[in-house]
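What follows is a short report on a single structure.
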Amino acid sequence: MSSSTGTERPALRLAGVSATYGFGRRAAPVIRDVSLRVAPGRTMGVVGESGSGKSTLAKVVVGLVHISAGTVEVDGTDVAAAKGAQRRSLRRRVQLIPQDPYASLDPRMTIGRTLLEALAPRRETASADHRQQIEELLRLVALEPDAARRRPHEFSGGQRQRIAIARAIAVRPALLVADEVTSALDASIQFEILDLLDRLQQEIGFGCVFITHNLGVAARMCDDITVMRAGRVVEQGPIAMLAAPTDPYTRLLVGSVPDPAGEFLRAPSAYEAPVAS
Ligand code: ADP
Ligand code: MG
């Protein structure tokens, strides 16, 4: 956590954002009037039941889904107003880590090649400088240097998520959007990945939108929290809010968490993740 005052330029600001899938009479609003703000170095959790619009919100933030109302500002720049080179540079300032790294990694490409594409999109071969940067990225996510020569199928699920994280941080983004990044992993591997994200955030200082359906994981990771239902924000505030929610739907969500998680929802700071092995 940073000592953010809330007056500095936010990594992300959404104001009154709505988004719709389909056109004409088939148009279905999926995100309705969503506002939120993420300061540099801070993490905003987004929670809510399946189908509440969390992944659509992630896609809005990284520009994969167009908005029908409102504004999206990344690192102080209005995404809709940015043109040409400014738009391209903005696209690099915000990075998405998807839930399934296997689907997002090209199976034919070595990890070194994947990371080179993130660092220098049009380069055919890595310069000595690039090779050094790739080695540094692998070190940051605690993978061996020889991972650069291997392909995605040679890695475990947790290792592949580390590769996806390395690719996302390659350009030192202002904002990272993590959509259910640990949901497919075993509990012990989840803790390692969460610790890794925490450490990288301290080192790089990116703001983070952390999407999860797991309130325990949210309590572990987030400074602030946005609770969504049917595309709308039903409650928003500091993470401690989960200990005493005012909204009936949030109360229902918190109440449905099994007891151990409930324990650390009441005392998030007392919770310690196991040390990575
Ligand atoms: P969550 O990530 O919270 O589970 P999603 O953002 O994936 O929610 O989905 C929100 C709603 O939008 C759901 O009703 C879903 O069926 C619908 N939806 C998601 N993707 C599309 C799409 N490409 N086209 C039309 N509807 C979609
Ligand atoms: Mg989703």
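When a ligand or atom number is given, it counts from 1 through the structure's own listing order. What you are looking at is a predicted structure, and each value in this text was computed from that prediction instead of being measured.
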### Query
Charged N to carboxylate O below 4.0 Å: is that the case for R123 and E117?
no

### Message
Can you tell whether the side chains of R9 and D75 come within less than 4.0 Å, N to carboxylate O?
### Response
yes

### Query
What do you reckon, is CZ of R88 surrounded by more than 12 foreign heavy atoms closer than 6.0 Å?
no

### Query
Does some non-hydrogen atom of the protein lie less than 4.0 angstrom from atom 25 (C) of ligand 1?
yes

#### Entry: Carboxylate-amine/guanidinium proximity below 4.0 Å for D78 and R13
no

### Message
Can you confirm if the NZ or CZ of R172 lies within 45° of the ring axis of F206 and under 6.0 Å from the centre of its six-membered ring?
### Response
no

### Protein heavy atom under 4.0 Å of atom 16 (O) of ligand 1
no

### Short N-O contact, K59 and D179, less than 4.0 angstrom
no

#### Entry: Where ligand 1 meets S55 - atom numbers and elements under 4.0 angstrom, heavy-atom basis
1 (P), 2 (O), 6 (O), 7 (O)

### Query
Which protein heavy atom lies closest to atom 6 (O) of ligand 1, and at what distance to 0.1 Å?
T56 OG1, 2.5 Å

### Query
Which atoms from ligand 1 have a heavy atom of E49 less than 4.0 Å away?
3 (O)

### Message
Please list the nearest protein heavy atom to atom 23 (N) of ligand 1 with its residue and the distance rounded to 0.1 Å.
### Response
Y21 CE2, 3.7 Å

### Query
With a cut-off of 4.0 Å, which atoms of ligand 1 are near a heavy atom of V30?
10 (C), 11 (C), 12 (O)

### Query
How many angstroms lie between CD1 in I111 and CZ in R167, if you round to the nearest 0.5 Å?
9.0 Å

### Task
Write out the residue and atom name of the closest protein heavy atom to atom 14 (O) of ligand 1, then the distance separating them to 0.1 Å.
G51 O, 4.1 Å

### Task
Would you mind listing which atoms of ligand 1 come within a distance below 4.0 Å of any non-hydrogen atom of S50?
4 (O)

### Task
Using a cut-off of strictly less than 2.8 Å, determine whether S55 has an N/O/S atom near the Mg ion (ligand 2).
yes

### Query
Would one find an N or O of G53, backbone or side chain, under 3.5 Å from an N or O of ligand 1?
yes

### Query
How about R199: does its CZ atom have over 12 heavy atoms from other parts shown lying under 6.0 Å from it?
yes

